[in-house]
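Comments concern the structure below.
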Amino acid sequence: MPEGHTIHRQARLQRAALAGERIRSWSPQGRFAAGAARLDGRKLNDIEALGKHLLYRWDSGDTLHVHLGLFGKFKTFKSNPPPPTNMTRLAMAGGRAVVYLSGPTICELLNTEEEDDLRARIGPDPLAGQRSGRRFASNLSRRRIPIGSALLDQRVVAGIGNVYRAEVLFKCRIAPHRPADQIHGDEAALLWTTIRSELRAGEAAGRIVTVRPNDVGVRARVDIPREERLYVYKRAGLPCRRCGDTVLSAEMANRLIWWCPTCQPLSR
DNA sequence: GGGTGATGCTGAG
DNA sequence: TCAGCCTCACCCC
């Protein structure tokens, strides 16, 4: 379930659960055996989220880099952890909690140079607290690709995934096919603030809920049914929650995207 | 119980 | 552009 909000949430929760202690680390699956052995018994100083990447800082000077990819998952147990399965790539056990990681695309130790490379190829992170709206706008202005593709490019903005790209464009009334370099300054500013507030809401809630109170016929609650939480994502053929027109979908940047042709006109 | 798609990304061609 | 990789929830039988 990993867009940027999940990663930042994990950083926050795991910081509270593990940081500041010596951590027993091992790789039940065996695929990270050497790395885990190197970290075993070291003190975990801090965890940093960077877009969809997680960086764990250890007192040995080591940095553990985790990227969940499409399938990666964390499971945290405060008490009575079940034994890890042979799918558990990395297990980290401290005095307060145990965290199991399975299915990550990346689980590796980084040296300084590799970490610099990672930072260099990642765009502004809306959850990192920086004021990077201008950088985001400038990144857009330099791409001729559709805005729907640009939002998935982690060099443009770090942390957006397929759900948020569709939802954020809907909220800002921008058609996904419009070229990124033709997004007006005020639209780019609105996009940035919308991305920030939506990712923040997702981080806090632990799930993606973009539908808000004042929109027709939908409760503003986190516990609303799953199929009412989003405006357009995976709603092809269904009526737009705002105007009733039919939600469309198409492939863009190798993934499906959904939009309302009335609420998100091609020209503004 | 099998099949499939998924909130991601890379590297080969 | 496309196959490949990682895992599992969900659907259908």
Side-chain angles (χ1 to χ4, degrees), chain A residues 1-11 13 27-33 35-36 49-55 64-76 82 84-91 99-108 110 114 117-123 125-127 145-146 148-171 176 194-196 198-211 222 225-236 249-259:
Chain A
M1 328 181 157
E3 294 197 30
H5 69 295
T6 305
I7 305 309
H8 280 261
R9 184 179 171 87
Q10 284 299 323
L13 298 177
S27 177
Q29 183 189 49
R31 287 185 53 181
F32 188 57
L50 197 69
K52 296 174 185 171
H53 302 259
L54 280 166
L55 299 174
L64 168 67
H65 174 211
V66 171
H67 189 293
L68 293 181
L70 196 48
F71 313 120
K73 275 191 177 56
F74 287 109
K75 284 182 186 157
T76 299
T85 71
N86 57 10
M87 294 304 187
T88 306
R89 181 80 54 91
L90 173 64
V99 172
Y100 294 151
L101 166 66
S102 66
T105 291
I106 296 171
C107 177
E108 63 182 9
L110 284 191
E114 292 166 325
D117 288 348
L118 173 64
R119 288 183 186 282
R121 65 186 158 80
I122 284 202
D125 181 340
L127 286 176
I145 57 175
S149 296
L151 290 185
L152 279 190
D153 185 338
Q154 302 297 301
R155 292 167 300 187
V156 171
V157 49
I160 303 278
N162 206 30
V163 179
Y164 279 122
R165 79 155 164 172
E167 293 295 305
V168 151
L169 286 173
F170 175 83
K171 292 202 123 179
T194 305
I195 289 167
R196 284 195 73 170
E198 289 304 325
L199 283 173
R200 273 200 201 129
E203 198 274 350
R207 61 177 59 147
I208 305 178
V209 181
T210 59
V211 169
V222 165
R226 189 181 303 194
E227 59 276 12
E228 292 178 22
R229 289 175 193 162
L230 304 172
Y231 284 104
V232 289
Y233 179 77
K234 278 200 173 168
R235 298 195 69 243
S249 77
E251 199 171 302
M252 184 174 286
N254 282 323
R255 326 273 302 270
L256 284 175
I257 188 165
W258 297 261
W259 74 99

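Lettering of chains follows the sequences in order, A, B, ..., and the numbering in each one begins at 1. Bear in mind that the values here come from a model prediction, so they are computed numbers and not experimental data.
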Protein-nucleotide distance (A:Leu152, atom CG; B:dT10, atom P), rounded to Å:
13 Å
Base, sugar-phosphate, or nothing for A:Ile208, non-hydrogen atoms under 4.0 angstrom?
base
Within this structure, what is the CE-to-P distance between A:Met87 and C:dC5, rounded to whole angstrom?
15 Å
Does the side-chain contact (heavy atoms from CB on, under 4.5 Å) test come out yes or no for A:Leu230 and A:Val209, once each step is laid out?
CA-CA 6 Å; A:Leu230 304 172; A:Val209 181; over 6 Å; no
For atom CZ of A:Arg165 and atom P of B:dA6, their distance in whole Å
12 Å
Name the nucleic acid region contacted by A:Gln29, choosing base, sugar-phosphate or nothing; use a 4.0 angstrom heavy-atom cut-off, strictly under.
sugar-phosphate
Can you tell me if A:Lys52 touches the phosphate of B:dG8, counting only side-chain N or O atoms and a distance under 4.0 Å to OP1 or OP2?
yes
Watson-Crick or G-U stems of DNA chain C, 3 or more pairs, under 3.5 Å, by first number
B:1-6 with C:7-12, B:8-12 with C:1-5
What is the ring orientation for A:His67 with A:His53, classed by angle as parallel under 30°, tilted 30 to 60°, or perpendicular over 60°?
perpendicular
To the nearest 0.5 Å, how far apart are CG in A:Leu13 and OG1 in A:Thr76?
7.0 Å
Starting at CD1 of A:Ile106 and ending at C1' of C:dT7, how long is that distance when rounded to a whole Å?
16 Å
For A:Arg255 and B:dG8, is the shortest distance between a side-chain N/O and OP1 or OP2 below 4.0 Å?
yes
For B:dC9, does OP1 or OP2 lie under 4.0 Å from any side-chain N or O of A:Gln154?
yes
Check the distance between B:dC9's C1' and A:His65's NE2 and give it to me in whole angstrom.
11 Å
Approximate separation, where rounding is to 0.5 Å, of A:Asp125 CG and A:Ile7 CD1:
10.5 Å
Within this structure, what is the CG-CZ distance for the pair A:Leu152 and A:Arg255, rounded to the nearest 0.5 Å?
6.5 Å
From C:dC8, C:dC6, C:dC2, nucleotide with atom closest to A:Asn254 side chain
C:dC2
I need the CD1-P distance between A:Ile257 and B:dA6, as an integer number of Å.
14 Å
Between C:dC5 and B:dG13, how far is it from one P atom to the other, in whole Å?
14 Å
With rounding to whole Å, what would you report as the distance between C:dA3 and B:dT4 at their P atoms?
16 Å
Looking only at side chains, do A:Glu203 and A:His8 share a donor and an acceptor under 3.5 Å apart?
no
How many Å lie between NZ on A:Lys73 and C1' on C:dT7, as a whole number?
7 Å
Of the listed nucleotides C:dC8, B:dA6, B:dT10, the one nearest the side chain of A:Arg121
B:dT10
Rounding to an integer number of Å, can you tell me how far A:Glu251 CD sits from C:dT1 P?
10 Å
Between A:Lys171 and A:Glu198, does any side-chain N to carboxylate O distance fall below 4.0 Å?
yes
For A:Arg31, answer base if it contacts any base atom (sugar-phosphate contacts may also be present), sugar-phosphate if it contacts only those atoms, and nothing otherwise; contact means non-hydrogen atoms under 4.0 Å.
sugar-phosphate
Verify the contact: side-chain N or O of A:Lys234 to OP1 or OP2 of B:dA6, cut-off strictly under 4.0 Å; return yes or no.
yes
Does B:dG8 have OP1 or OP2 under 4.0 Å away from a side-chain N or O of A:His67?
no
What class does the angle between the rings of A:His5 and A:Tyr164 fall in, given that below 30° is parallel, 30 to 60° is tilted and above 60° is perpendicular?
perpendicular
